[in-house]
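By convention in this document, chain letters (A, B, ...) are assigned in the order of the sequence lines, proteins followed by strands, and residues within each chain are numbered from 1.
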There are 2 protein chains.
Amino acid sequence: MDDGCDGTPGACPVDRMFSVVGGQWTTYLIWILATDGPQRFGAFQRHLPRISTKVLTERLRMLERAGLVDRHQAATIPPQVTYSLTPRGQELHGAMNILGQIAQKWEAEGWRPEAAVLRTG
Amino acid sequence: MDDGCDGTPGACPVDRMFSVVGGQWTTYLIWILATDGPQRFGAFQRHLPRISTKVLTERLRMLERAGLVDRHQAATIPPQVTYSLTPRGQELHGAMNILGQIAQKWEAEGWRPEAAVLRTG
DNA sequence: CGGGATCCTCTTTGATACTG
DNA sequence: CAGTATCAAAGAGGATCCCG
């Protein structure tokens, strides 16, 4: 019963996972990599026109440190940097996909998440 | 391929689900309800000593609007309000549990999420 | 007991400009 | 192209007080 979930940040395994992928944009980055394959920095920006370079960099660095994304840099001019999912990133995507499928199933039943959420904009 | 994931908030089903349960504390609330059963307002505060009444109320209201949590009020004095998981809340908990299990498996392999995350505190 | 209303802080984001 | 640095705005979260 007591799983150490006393509210200390990261006390729950679920929360630790969310602390890595819960940030804004993060699910999209993983999704894009999983569905469209490896991407370059500029390609992400084209996929997500409203993300800033700062945040995009931060998210990619974090996913890289978390071992979910691989960063491959070609020493050309201009530089070519390509990001891809690691096996762990792929495994995580599969699990997140389950959440997405539940969302879609519920929405087919009339569920309206937007109505519940206090969206920030 | 294109699943509508252009970065507009909530464009992805996964993101819609995260918009509901991705907020801080939310995973804990669901976890507590799933493992310890129905809880009263004050019980949550005892479980999570650092949460404020404002945020706890907000989260519970949101989970209620999202149909994941049931709020039952007894018209006694003093009032007794009890929160419980709906069937959807239970289904979601099961799916989130998968993420937690992956986290635990990876951690057993040496994965260190804290090292990756830019924790806010 | 179970909150609602405020105020205030701190983090997170976004915009912009510059660089190897 | 792929970032870095800086600044300003926004919003979430915390603390506090009060009420039914």
Does a donor on one side chain sit under 3.5 Å from an acceptor on the other, for A:Arg71 and A:Gln73? yes

If the threshold is 4.0 Å, N to carboxylate O, is there a salt bridge linking A:Glu91 and B:Lys105? yes

Do we see a donor-acceptor contact under 3.5 Å between the side chains of B:Asp15 and A:Tyr28? yes

Hey, is the side chain of A:Tyr83 poking within less than 4.0 Å of OP1 or OP2 on D:dC1, counting only N and O atoms? no

Could you check how far OH of B:Tyr28 sits from P of D:dG13, rounded to whole Å? 14 Å

Send over the distance from B:His72 NE2 to C:dC1 C1', rounded to a whole Å. 16 Å

Quick one: B:Leu60 CG to C:dG4 C1', roughly how many Å, whole number? 14 Å

Between A:Glu109 and B:Arg88 (salt bridge meaning N to carboxylate O under 4.0 Å), is one present in this structure? yes

With sugar-phosphate taken as primed atoms, P, OP1 and OP2 and all else as base, the protein-contact string of nucleotides 15-20 of chain C at under 4.0 Å (heavy atoms; B, S, -) is BB---B

Among D:dG14, C:dG2, D:dA2, which nucleotide sits nearest the side chain of B:Arg71? C:dG2

Could you check which of D:dG13, C:dG2, D:dT4 has an atom nearest any side-chain atom of B:Phe41? C:dG2

Note, B:Val117 side chain near A:Arg16 side chain (heavy atom, < 4.5 Å): no

A:Leu48 CG to D:dA2 C1', straight-line distance once rounded to whole Å: 16 Å

Taking A:Leu29 as the fixed residue, which of A:Val69, A:Leu68, A:Leu48 is the one that meets the side chain to side chain contact (heavy atoms under 4.5 Å, CB included) rule? A:Leu48

In whole angstroms, how far is the C1' atom of D:dG20 from the CD atom of B:Gln80? 16 Å

Ignoring backbone atoms, test whether B:Arg40 places a side-chain nitrogen or oxygen under 4.0 Å from the OP1 or OP2 oxygen of C:dG2. yes

Closest to the A:Val81 side chain: D:dG13, D:dG3, C:dG3? D:dG3

Across the strands shown, which category fits B:Phe44 at heavy-atom distances under 4.0 angstrom: base, sugar-phosphate, nothing? nothing

Would you tell me if any nitrogen or oxygen in the side chain of A:Arg61 comes within less than 4.0 Å of OP1 or OP2 on D:dA2? no

State, without any angle test, whether B:Thr82 and B:Arg40 hold a side-chain donor-acceptor pair at a distance under 3.5 Å. no

